[in-house]
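Computed from a prediction, not measured in an experiment: that's the story for all the values here.
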4 protein chains.
Amino acid sequence: MSNNMFNEFLSSESVKLTVKQQRIVQAAIRLFAEKGYSNTSTAEIAKLAEVSEASIFKQYGTKDKLLLALIIPQFKEFFPSMADEVLGQLSRSQSTFEGFLREFLRNRIELALKNKEIFQIIIKELIYKEELKKELIPYIFEVAASRLTQVIELFKERGELTDIPTGKMLKSLFTFVGGFFASQFVLLNKESIDEQEIEDAVRFMLHGIGSSSSNN
Amino acid sequence: MSNNMFNEFLSSESVKLTVKQQRIVQAAIRLFAEKGYSNTSTAEIAKLAEVSEASIFKQYGTKDKLLLALIIPQFKEFFPSMADEVLGQLSRSQSTFEGFLREFLRNRIELALKNKEIFQIIIKELIYKEELKKELIPYIFEVAASRLTQVIELFKERGELTDIPTGKMLKSLFTFVGGFFASQFVLLNKESIDEQEIEDAVRFMLHGIGSSSSNN
Amino acid sequence: MSNNMFNEFLSSESVKLTVKQQRIVQAAIRLFAEKGYSNTSTAEIAKLAEVSEASIFKQYGTKDKLLLALIIPQFKEFFPSMADEVLGQLSRSQSTFEGFLREFLRNRIELALKNKEIFQIIIKELIYKEELKKELIPYIFEVAASRLTQVIELFKERGELTDIPTGKMLKSLFTFVGGFFASQFVLLNKESIDEQEIEDAVRFMLHGIGSSSSNN
Amino acid sequence: MSNNMFNEFLSSESVKLTVKQQRIVQAAIRLFAEKGYSNTSTAEIAKLAEVSEASIFKQYGTKDKLLLALIIPQFKEFFPSMADEVLGQLSRSQSTFEGFLREFLRNRIELALKNKEIFQIIIKELIYKEELKKELIPYIFEVAASRLTQVIELFKERGELTDIPTGKMLKSLFTFVGGFFASQFVLLNKESIDEQEIEDAVRFMLHGIGSSSSNN
DNA sequence: CATGAATGAGTATTCATTCAT
DNA sequence: CATGAATGAATACTCATTCAT
């Protein structure tokens with residue numbers, strides 16, 4: 001039921017997809033997620049979608065553009081909206097950084113689960129296709145990092161975070177969160193993430209595994 | 001210059017490769033690392049190696065076996081030897097967990113840098129090829145985890161680590177270290193990792209980003 | 001001019017073949033008949049048919065299925081219909097076994113000549129491909145033998161045949177008729193069979209070469 | 001145990017084959033008989049024979065010459081010797097044509113059984129390879145027919161055969177005997193032929209299946 | 001004499017894509 | 001808008017054959 005992403009894709013472009021077009025999108029998502037873009041042929045997509053191959057090319061021009069048409073709306077959704085939806089409200093409230101982090105993780109996980117297949121495609125192809133990497137990684141840093149920086153600095157002022165430079169913090173958080181999403185959703189193909197796991201992740205990000213006495 | 005892994009592969013099998021056969025290996029490594037297994041044709045490998053395609057298949061039988069012949073020796077090298085080389089010595093000494101972690105990271109990073117291309121192939125295909133995933137992930141958990149568990153419990157007894165269950169610790173460390181290697185070597189394609197970055201990673205793993213007063 | 005079989009094949013499946021598709025069929029028949037299935041490449045077929053190799057595979061999937069698509073309709077035509085067309089009418093009439101045999105041979109020869117190339121393919125591959133052999137020989141025995149048995153027993157009752165067991169008669173007739181078709185159409189590649197030859201064959205099957213006085 | 005043919009091949013050429021060379025010959029015979037010349041690769045032969053492919057080509061030059069080296073000695077054995085061994089003695093004796101035919105069939109069947117694989121190869125390739133056909137069929141007619149003609153005419157004079165022209169008789173006998181060998185040894189892959197079957201064949205060739213009263 | 005190494009030319013089959021209807 | 005038909009270029013892989021050692 002990846003209709004969610006699907007609908008978002010629609011609304012953001014205000015395009016009405018016919019039934020056949022929807023079937024193409026859904027078939028492509030399933031196959032790309034499962035076997036990877038390179039190992040999925042347009043013939044397979046057409047067969048699963050029960051349309052002719054020609055219809056796919058009529059709509060999307062090339063296989064590559066089909067991939068982008070699936071990925072990009074979701075990509076935009078996943079990274080930038082981070083701030084607008086979550087940060088905006090929470091940071092101004094009285095909530096702690098821990099609360100923010102928990103909420104932030106929960107929220108992103110929920111979004112990733114709802115669109116797991118697209119999410120898998122993004123990670124797989126981000127790592128696999130040199131060109132995608134070059135286009136999307138800068139985007140991530142620009143958009144996502146800039147907003148998170150504000151939040152981190154806000155909580156730094158409140159004394160909830162150590163005085164490690166914000167850039168380094170971001171890097172560490174990205175590394176961990178990226179590793180978390182990749183391992184949970186791509187490597188392990190998890191269907192759900194339970195609260196405890198979120199809790200453990202938050203705790204690790206905040207305090208690591210060293211005993212408190214060993215702080216320097 | 002991934003001759004290092006290459007030589008290890010050789011010695012472990014004590015096979016003498018001819019000059020042309022070496023060129024095949026090197027061409028395959030470069031192309032698989034750069035464009036991914038699925039996007040590299042045997043024709044391209046043959047062309048870069050300046051041999052006939054037939055020679056590739058005479059030696060390796062299938063493209064798949066060629067991939068495995070490149071990956072597996074390095075894979076065995078990277079994961080299990082962790083304990084024997086590094087853990088063995090350090091854990092018995094008077095060194096702290098922080099020292100161990102630092103040394104461990106340094107050591108693995110050095111190994112990964114020496115064989116960066118193979119390393120990139122492993123990560124890319126681990127994520128991309130469902131079958132490889134199913135074969136290699138259990139292996140990682142078995143071999144690598146079992147040895148690290150010993151170390152963690154040793155340092156727990158010494159009071160250097162919090163009382164989080166070892167399994168959770170391992171999971172968090174794997175997540176972070178995996179994210180670290182994937183982002184540094186695959187996404188960012190770094191040629192080197194400076195000391196400061198190692199230091200930051202160690203610090204994050206031990207203490208996170210929360211201020212010490214916020215400990216629970 | 002093997003259009004005859006070709007049309008029958010068509011009608012039995014009620015598939016409309018495009019001009020190019022017909023050229024594929026005709027090219028495949030010619031080449032398989034001339035050089036044998038194993039010695040004919042799909043590239044050759046495509047070239048002779050003046051289509052792309054891809055077109056062949058779009059239609060038939062594999063080279064093997066192409067062979068079967070050529071062979072099977074004709075095969076079904078050649079063996080079972082034997083009874084329905086020929087036997088049915090003749091056996092009930094006042095005609096002699098000699099008359100029946102002559103008519104039967106004439107009829108099968110005519111059919112084989114009209115589709116000589118397909119016929120050559122069937123015999124060649126029946127002998128050459130172990131798998132085809134296993135599928136088709138039982139079919140021949142089942143379908144063809146069962147109907148001929150009735151005819152032979154009818155004429156036995158009329159006293160026109162010796163009292164050799166029907167099974168043995170059938171075996172001898174099959175051996176001779178099979179040898180006849182194989183030698184005439186495959187080994188000698190005859191374009192026509194004249195009446196005299198049919199007469200000689202009938203005579204041989206009925207009376208052999210011994211002088212009548214030497215009967216036992 | 002097709003050593004028999006094998007030895008004859010040796011003696012007729014007075015060549016001593018090394019152990020490896022014998023293994024090549026035996027491997028080739030088995031594989032050609034089983035899967036056909038076209039579907040057997042020199043690599044397979046080399047593997048089964050446990051020699052290098054190069055050795056095969058050192059010995060035989062081409063795959064084609066290897067086939068001929070297997071076929072020709074046996075071919076010469078099967079057809080011409082017919083007369084010398086069998087005809088010579090029998091025809092001059094007081095034996096009947098029936099006795100001759102029985103002995104002749106027995107003798108040829110025995111020879112074919114001893115070298116069944118070679119025999120299968122000959123029939124398969126005779127039918128399959130246009131070139132072989134063109135070389136060998138004239139040979140058969142020349143050599144084999146000429147000798148049998150003498151026998152038939154001898155027995156004709158003795159009144160044991162009808163007055164059908166010798167040529168027609170030969171053709172009919174060839175057709176039946178050819179059909180017999182092809183069906184028994186290639187299609188049905190029989191391991192042995194029992195006496196009764198020989199008896200039935202002889203009877204059919206002499207008297208056919210018509211009742212004696214129906215003679216003209 | 002025997003072979004490991006190497007290959008040019010195929011081999012069946014797949015691919016993304018185009019276009020007339 | 002949708003598709004059946006068609007394909008050039010590739011794809012992984014095989015083949016019979018050569019040659020230096």
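Closest approach of B/E117 and B/R30 over heavy atoms only: OE2-CA, 3.7 Å.
Comment: A/E130 engages A/K133 in a salt bridge, judged by a side-chain N to carboxylate O separation of less than 4.0 angstrom. A salt bridge is absent between B/E131 and B/K134; no separation between the charged side-chain nitrogens and carboxylate oxygens falls under 4.0 Å.
For an aromatic pair to be called close, the ring centres must be under 6.0 Å apart, and B/Y139 with B/F75 satisfies this.
Mapping D/S55 and A/N39 onto DNA chain E via the closest heavy atom, the residue that lands nearer the 5' end is D/S55. Both A/I56 and B/A43 lie close to DNA chain F; mapped to their nearest nucleotides by heavy-atom distance, the more 5′-ward contact belongs to A/I56. Two residues, B/A54 and A/E50, neighbour DNA chain F, and the one matched to the more 5' nucleotide by heavy-atom proximity is A/E50.
A cation-pi arrangement is not found for B/K124 relative to B/F32, the charged atom failing to lie both closer than 6.0 Å to the ring centre and inside a 45° cone about the ring normal.
Counting any heavy atom pair closer than 4.0 Å across all strands shown, C/K58 reaches a base atom. Within the 4.0 angstrom heavy-atom criterion, only backbone atoms of the sugar-phosphate kind lie near C/T40; the bases stay farther away. When heavy atoms are screened at a 4.0 angstrom cut-off, B/T42 is found touching base atoms of the nucleic acid. Contact annotation for A/S41: backbone-only contact, meaning every heavy-atom pair under 4.0 Å involves sugar-phosphate atoms and none involves a base.
Rounded to a whole Å, the CD atom of A/E53 is 12 Å from the C1' atom of F/dT7. Atom NZ of C/K47 is separated from atom C1' of E/dG10 by 14 Å (rounded to the nearest Å). Between the CD atom of B/Q59 and the P atom of F/dA12 there is a distance of 17 Å, rounded to whole Å. Nucleotide F/dA12 holds its C1' atom 12 Å from the CZ atom of B/F32, rounded to whole Å. For the pair A/K63 NZ and F/dA10 P, the interatomic distance rounds to 16 Å; values are reported in whole Å. Atom-to-atom, CZ of B/R23 to P of E/dT7 comes out at 8 Å; the value is rounded to the nearest Å. As a whole-Å value, the separation of B/K35 NZ from F/dA10 P is 12 Å. Remark: C1' of E/dG4 and CD1 of B/I24 are 14 Å apart, rounded to the nearest angstrom.
The partner of F/dT14 is E/dA9, by the rule that a Watson-Crick or G-U pair needs both atom distances under 3.5 Å. Under the Watson-Crick and G-U wobble criteria, each requiring two contacts below 3.5 Å, nucleotide F/dC19 is paired to E/dG4.
For B/Q21, no side-chain nitrogen or oxygen approaches OP1 or OP2 of E/dG4 to under 4.0 Å.
The side chain of B/S52 lies closest to E/dT7, out of E/dA12, E/dT7, F/dA6. Taking only side-chain atoms of A/F57, from C-beta outward, the nucleotide of F/dT7, E/dT7, E/dT17 with the closest atom is E/dT17.
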